[in-house]
Trainee: 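The structure follows.
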Amino acid sequence: APAVAAEALVRGVAPEAQQRYVEMRQADWFECADKSRSFTSFDDAVNDDFCDCQDGSDEPGTSACSGLGGLPGGPAIAGFACGWRLASAAAAEHKLRARTVRASAVNDGICDCCGGEDEWAGTAGCDDLCDAAEAEERSQASVAEAGSRAREAYAAQAAALRGDGKYSGMDGGPDGVFLAVAAKGCVSLNDGDYLYHVCPFDRVTQSGTSRKVTLGTKGAWATALWEDGRHRPDYSKLVMDHGEYCAAARAARKVELHFECSPSSAVVSVQETQVCVYTVHMQTPAACHPLHLHR
């Protein structure tokens, strides 16, 4: 498609759909996307803050048609395109800047687009944070890929551990990588009040000035309900229960161990989120995606 002059672009229209709107603007007429209505003046119908089309296609840059989302068939446009000024190639490259937000977000006083395009009325005073957000996204992607590379060694180690009777019957997750986590033993955290030793599939202990308390032992994967109605293991959360008895809860202490992707292993935090129920966040390469998914 030929390049579209910047002044001809239509606010809120996604780059790949601009050509259709621009052609109608130049011809000074407009037809709803579902062809239910047409108008002899483009500017009298499009982005005039009144919902003329039953599919909402006349208001890509306002919130006037935001109530159509729950109707059968839904609106013809997905929402307000933050990157409506971008060329299609640039939109594909800068996905954060080109994201689409719900129509009701337009001029609601909240900066939903990283560049503030949804608050074009100017009352919100949005800063352009897209470059910083994209830099952060690239940094996170780099860390994730490094974690996936480290995961390769865990998978190789797990292949050898499967023949070890010590790990017989243990569900090590995809590629068995959490067998390697178990084999590497304990990771510690001193938060200034207590010293924690986190040993996945074995035990979690808390040491203070007086004594050591076992918060949880062994470990079983939490389950998640999938769309097909089946419960499947959630390999991001290990439940380690059967800790020492807690009089306040009248039950044994329990640990919910959440795994997060990282190139190296570390315990990030331990919090008592309920009485004698502890939430632990631990970084490990085992929680990263397989390396081939980055290619």
Trainee: Are the side chain of Glu59 and the backbone N or O of Asn47 linked by a donor-acceptor pair below 3.5 Å?
Mentor: yes

Trainee: For Arg253 and Glu272, what are the C-alpha separation, side-chain angles and deciding distance, and is it a salt bridge (charged side-chain N to carboxylate O under 4.0 Å, His left out)?
Mentor: CA-CA 10 Å; Arg253 289 173 168 82; Glu272 187 176 0; over 6 Å; no

Trainee: Do Val213 and Val239 land in one hydrophobic cluster if side-chain heavy atoms of ILVMFWY residues count as linked below 4.5 Å?
Mentor: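 No, because Val213 and Val239 fall into different hydrophobic clusters, even though each may have its own neighbours under 4.5 Å.
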
Trainee: List the steps, then state whether salt bridge (charged side-chain N to carboxylate O under 4.0 Å, His left out) holds for Asp128 with Arg97.
Mentor: CA-CA 10 Å; Asp128 188 337; Arg97 190 178 288 276; 3.2 Å; yes

Trainee: For residues Leu9 and Arg25, report the shortest heavy-atom separation together with the two atoms involved.
Mentor: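 Here Leu9 and Arg25 meet closest at O-NH1, 3.1 Å.
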
Trainee: Verify side chain to side chain donor-acceptor pair (under 3.5 Å) between Thr205 and Thr214, making sure each step is shown before the conclusion.
Mentor: CA-CA 4 Å; Thr205 61; Thr214 299; over 6 Å; no

Trainee: Which atoms form the tightest heavy-atom contact between Gly147 and Cys261, and what is the distance?
Mentor: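 Looking at all heavy atoms of both residues, the closest pair is CA-SG, 4.4 Å.
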
Trainee: Can you confirm if the aromatic rings of Phe178 and Phe259 lie within a centre distance of less than 6.0 Å?
Mentor: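 Between Phe259 and Phe178, the centre distance is under 6.0 Å.
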
Trainee: Just checking, Lys212 and Tyr194: is the charged tip under 6.0 Å from the six-membered ring centre and within 45° of the axis?
Mentor: no

Trainee: Examine Val277 and Leu189 and state if one hydrophobic cluster contains both, with Ile, Leu, Val, Met, Phe, Trp and Tyr joined whenever side-chain heavy atoms are less than 4.5 Å apart.
Mentor: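 Different clusters.
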
Trainee: For residues 97-148, which residue pairs pass the ring-ring contact (aromatic ring centres under 6.0 Å, His included) check, not counting sequence neighbours?
Mentor: none

Trainee: Mind checking ring-ring contact (aromatic ring centres under 6.0 Å, His included) for His94 and listing every partner two or more places apart, or none if nothing turns up?
Mentor: none

Trainee: Spell out, with a plain yes or no, whether Cys114 and Cys130 have SG atoms under 2.5 Å apart.
Mentor: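 Between Cys130 and Cys114 there is a disulfide, given that their SG atoms are under 2.5 Å apart.
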
Trainee: What is the minimum heavy-atom distance between Ser262 and Cys288, and which atoms define it?
Mentor: N-SG, 3.5 Å

Trainee: Treating Ile, Leu, Val, Met, Phe, Trp and Tyr as nodes and any side-chain heavy-atom pair under 4.5 angstrom as an edge, say whether Leu86 and Val101 lie in one connected cluster.
Mentor: no

Trainee: Ignoring hydrogens, what is the shortest heavy-atom contact between Lys184 and Gln157? Give both atom names and the distance.
Mentor: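 Shortest heavy-atom separation between Lys184 and Gln157 comes out as NZ-OE1, 3.5 Å.
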
Trainee: Is a side-chain donor or acceptor of Gln206 paired with a backbone partner of Tyr196 at a separation under 3.5 angstrom?
Mentor: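 Looks like no, no N/O pair under 3.5 Å.
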
Trainee: Are any of the side-chain heavy atoms of Val10 and Pro60 separated by less than 4.5 Å?
Mentor: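 Yes, their side chains come closer than 4.5 Å.
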
Trainee: Is it the case that over 12 heavy atoms from other parts of the model lie below 6.0 angstrom from the CD atom of Gln274?
Mentor: no

Trainee: Just one of Asp28, Asp52, Val46 clears the side chain to side chain contact (heavy atoms under 4.5 Å, CB included) bar with Phe39, so which one?
Mentor: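 Among Asp28, Asp52, Val46, the one meeting side chain to side chain contact (heavy atoms under 4.5 Å, CB included) with Phe39 is Asp52.
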
Trainee: Quick one: does any side-chain atom of Glu260 pair with a main-chain N or O of Ala287 as donor and acceptor, under 3.5 Å?
Mentor: no

Trainee: Kindly state whether the ring of Tyr21 and the ring of Phe30 have centres lying under 6.0 angstrom apart.
Mentor: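 Yes: the rings meet the under 6.0 Å criterion.
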
Trainee: In chain order, what residues pass the side chain to side chain donor-acceptor pair (under 3.5 Å) check against Ser38, with sequence neighbours excluded?
Mentor: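 Residues passing side chain to side chain donor-acceptor pair (under 3.5 Å) with Ser38: none at all.
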
Trainee: Tell me the ring-ring contact (aromatic ring centres under 6.0 Å, His included) pairs involving residues 268-291, sequence neighbours left out?
Mentor: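 For residues 268-291: His258-His281.
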
Trainee: For Ser264, does its backbone N or O pair with a side-chain atom of Gln283 as donor and acceptor, under 3.5 Å?
Mentor: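 Between the backbone of Ser264 and the side chain of Gln283 there is no qualifying donor-acceptor contact (under 3.5 Å).
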
Trainee: Any non-hydrogen side-chain atom of Met282 less than 4.5 Å from a side-chain atom of Val198?
Mentor: yes

Trainee: Run the side-chain donor-acceptor check on residues 221-231: report pairs under 3.5 Å with partners two or more places apart or on a different chain.
Mentor:
unit_1: Trp221; atom_1: NE1; unit_2: Asp171; atom_2: O; d: 2.9
unit_1: Asp228; atom_1: OD1; unit_2: Arg230; atom_2: N; d: 2.9
unit_1: Asp228; atom_1: OD2; unit_2: Arg232; atom_2: NH2; d: 2.7

Trainee: Is there a continuous path of hydrophobic side-chain contacts, each under 4.5 Å between heavy atoms, that joins Leu161 to Tyr235?
Mentor: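 Yes.
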
Trainee: Considering residues, nucleotides and ligands other than Phe50, do more than 12 of their heavy atoms fall under 6.0 Å from its CZ?
Mentor: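 Not buried by this count: 12 neighbours or fewer within 6.0 Å.
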
Trainee: Side-chain contact test, heavy atoms from C-beta onward, threshold under 4.5 Å: evaluate it for Lys218 versus Arg203 and give yes or no.
Mentor: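 The answer is no, as the side chains (C-beta and beyond) never meet within the 4.5 Å cut-off.
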
Trainee: Please list, chain by chain and in numerical order, all residues satisfying side chain to side chain donor-acceptor pair (under 3.5 Å) with Thr217, sequence neighbours excluded.
Mentor: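 Result, side chain to side chain donor-acceptor pair (under 3.5 Å) vs Thr217: none returned.
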
Trainee: Given the rule in the salt bridge (charged side-chain N to carboxylate O under 4.0 Å, His left out) test, do Arg99 and Asp112 qualify, once you have shown the distances and angles that lead to the verdict?
Mentor: CA-CA 10 Å; Arg99 70 185 288 246; Asp112 295 280; 5.6 Å; no

Trainee: Looking at Arg162 and Gly176, what are the two nearest heavy atoms and their distance?
Mentor: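 Taking Arg162 first and Gly176 second, the nearest heavy atoms are NH2-N, 3.3 Å.
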
Trainee: Do you know which two heavy atoms are closest between Asp241 and Lys254, and how far apart they sit?
Mentor: CB-CG, 3.8 Å

Trainee: Check whether Asn190 reaches the backbone of Leu195 with its side chain - one donor and one acceptor, N or O, closer than 3.5 Å.
Mentor: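 The answer is no, because no donor-acceptor pair under 3.5 Å joins these two groups.
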
Trainee: Would you check if Tyr154 and Val181 make a side-chain contact, meaning some heavy-atom pair closer than 4.5 Å?
Mentor: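 Tyr154 vs Val181: side chains touch.
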
Trainee: Do Asp55 and Ser57 pass the side chain to side chain donor-acceptor pair (under 3.5 Å) test, and can you show the C-alpha distance, the side-chain angles, and the key distance before you say yes or no?
Mentor: CA-CA 6 Å; Asp55 63 5; Ser57 55; 2.8 Å; yes

Trainee: With a 2.5 Å cut-off on the SG atoms, do Cys65 and Cys53 make it?
Mentor: no

Trainee: May I ask you to say whether Asp58 pairs ionically with Arg37, meaning some side-chain N is under 4.0 Å from a carboxylate O?
Mentor: no

Trainee: Hey, is the main chain of Ala144 close enough, under 3.5 Å, to the side chain of Ser148 for a donor-acceptor pair?
Mentor: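 Here the side-chain-to-backbone pair exists.
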
Trainee: Going hydrophobic residue to hydrophobic residue with side-chain gaps under 4.5 angstrom, can you get from Val143 over to Val177?
Mentor: no

